[in-house]
Amino acid sequence: MPEEVRKRSVKAAFVDSPVSVYSDKQVQRFINILMDGGNKSLVRSIFEQALFEIKCRQFEKYRKAEDDESRSKIVLDPLAVFHSALENGAPQIGVYSEWRLGTFHKVPVPLSDKTRYFKVFKWLKDSATVNPTKRTPFSIRLANHIIDMHNNEGDVIEKKIALYKIAEQNKAYVRLRKKGTL
């Protein structure tokens, strides 16, 4: 090894950054929101199990498809399914309460990207934590909800539609809006 290479210092990796294939910003934010008890390695393994479950289900759909046209529409990459699910579930418009004229008014406002993704992460976490059977593992429930969001179905999409209905009902109060986004 040349002398100048040996003397060059090596920058250490961040503690937050995982040594895995799934190290992008949206995944890290979602893992941080899922993490309640402080055990990040457990939440990462649960999320990776959910991605594996998504990949298995998408591959099963791919195998059952009869023609090449329907096979080309099936996304096999679990991260691509996760990102498209986030885009399908993230609301563009939100509402906030404004005190005017003696009452609270729900004022529609466009959401920033950070707020959009925070809302969809919270909705996904809340819908996946509800377990009516008490026998389904969290990773499988999470995978079910992500696949449903990818297909524009499920609880998260219903919450987004309900939020849009509230914004539509209160669109007369847009004039009360402060400048900027939430």
Side-chain angles (χ1 to χ4, degrees), residues 9-63 73-96 109-164 166-167 180-182:
S9 62
V10 177
K11 187 175 181 181
F14 291 111
V15 177
D16 296 13
S17 61
V19 185
S20 72
V21 186
Y22 310 112
S23 61
D24 70 350
K25 293 276 186 187
Q26 298 298 341
V27 171
Q28 288 303 312
R29 286 182 185 153
F30 184 60
I31 286 172
N32 287 338
I33 287 177
L34 279 181
M35 187 177 60
D36 274 340
N39 195 349
K40 191 177 252 188
S41 62
L42 175 67
V43 175
R44 280 187 188 147
S45 67
I46 288 172
F47 184 72
E48 288 181 1
Q49 289 169 6
L51 289 179
F52 180 73
E53 182 71 25
I54 290 169
K55 184 167 185 143
C56 290
R57 289 195 189 169
Q58 293 294 94
F59 187 70
E60 191 65 32
K61 256 202 260 183
Y62 183 80
R63 279 188 359 168
K73 293 179 183 177
I74 297 172
V75 180
L76 293 176
D77 183 20
L79 274 180
V81 170
F82 177 70
H83 286 295
S84 72
L86 291 182
E87 286 302 318
N88 291 343
Q92 300 288 331
I93 296 173
V95 293
Y96 76 96
V109 61
L111 299 175
S112 66
D113 286 342
K114 189 174 180 180
T115 309
R116 289 178 57 222
Y117 288 121
F118 179 76
K119 279 190 180 294
V120 75
F121 290 154
K122 290 297 279 186
W123 290 342
L124 182 57
K125 177 186 173 186
D126 292 343
S127 62
T129 52
V130 174
N131 189 5
T133 62
K134 302 285 187 201
R135 295 180 188 266
T136 311
F138 183 72
S139 59
I140 293 176
R141 283 181 280 143
L142 186 63
N144 290 339
H145 286 289
I146 290 172
I147 290 173
D148 284 347
M149 285 171 51
H150 174 67
N151 297 328
N152 277 326
E153 303 169 347
D155 297 338
V156 177
I157 302 297
E158 289 174 6
K159 287 182 183 180
K160 175 183 168 182
I161 292 170
L163 181 67
Y164 281 173
I166 292 171
T181 61
L182 283 182

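This is a predicted model, so every value here is computed, not measured.
- Residue pairs satisfying the salt bridge (Lys or Arg N to Asp or Glu O under 4.0 Å) criterion with at least one member in residues 117-128, sequence neighbours excluded, are listed as follows: Asp36-Lys125.
- Across all non-hydrogen atoms, the minimal contact from Gly89 to Ile157 is CA-CD1, 3.9 Å.
- Atom CE of residue Met149 and atom OG of residue Ser127 lie 8.0 Å apart, to the nearest 0.5 angstrom.
- None of Ile54, Asn151, Leu76 except one satisfies the side-chain contact (heavy atoms from CB on, under 4.5 Å) rule with Val81; the exception is Ile54.
- Taking the six-membered ring where tryptophan is involved, the planes of Phe121 and Phe30 are tilted, since the angle between them lies from 30° to 60°.
- Annotation: side chain of Leu79 is in contact with side chain of Val27 (closest heavy-atom distance under 4.5 Å).
- Take Arg57 and apply the side chain to side chain contact (heavy atoms under 4.5 Å, CB included) test, not counting sequence neighbours, and it matches Glu53, Ile140, Asn144, Ile147.
- Side-chain contact between Phe118 and Arg29: absent, with no pair of heavy atoms (C-beta onward) separated by less than 4.5 Å.
- A donor-acceptor distance shorter than 3.5 angstrom exists from the side chain of Lys160 to the backbone of Asn88, with no hydrogens or angles considered.
- Applying the salt bridge (charged side-chain N to carboxylate O under 4.0 Å, His left out) criterion to Arg116, with sequence neighbours excluded, gives Glu87, Asp113.
- Under the salt bridge (Lys or Arg N to Asp or Glu O under 4.0 Å) criterion, no residue pair touches residues 142-153, with sequence neighbours excluded.
- Between Ala143 and Ala50, the closest heavy-atom pair is CB-O, 3.6 Å.
- Counting heavy atoms of neighbouring residues, nucleotides and ligands inside a 6.0 Å radius, atom CZ of Phe138 exceeds 12 of them.
- Looking at Lys55 and Gln58, their side chains never come closer than 4.5 Å, going by heavy atoms from C-beta outward.
- Between Pro91 and Leu163, the shortest heavy-atom distance links the atoms CB-CD2, 3.8 Å.
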Using the side chain to side chain contact (heavy atoms under 4.5 Å, CB included) rule, take Leu124 and Leu142 through it: C-alpha gap first, then chi angles, then the decisive distance, then the call.
CA-CA 8 Å; Leu124 182 57; Leu142 186 63; 4.0 Å; yes
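- In this view, Arg135 satisfies the salt bridge (charged side-chain N to carboxylate O under 4.0 Å, His left out) rule with no residue, not counting sequence neighbours.
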Take Val43 and Asn39, measure what side chain to side chain contact (heavy atoms under 4.5 Å, CB included) needs, and give me the verdict at the end.
CA-CA 7 Å; Val43 175; Asn39 195 349; 5.7 Å; no
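- With values rounded to the nearest 0.5 angstrom, Ile74 atom CD1 is found 10.5 Å from Glu60 atom CD.
- Every residue two or more places apart in sequence or in another chain was checked for a side chain to side chain contact (heavy atoms under 4.5 Å, CB included) with Ala162, and none qualifies.
- No side-chain heavy atom of Asp155 sits under 4.5 Å from any side-chain heavy atom of Val130.
- With hydrogens and angles ignored, the 3.5 Å screen pairs a side-chain donor or acceptor of Arg141 with a backbone N or O of Thr136.
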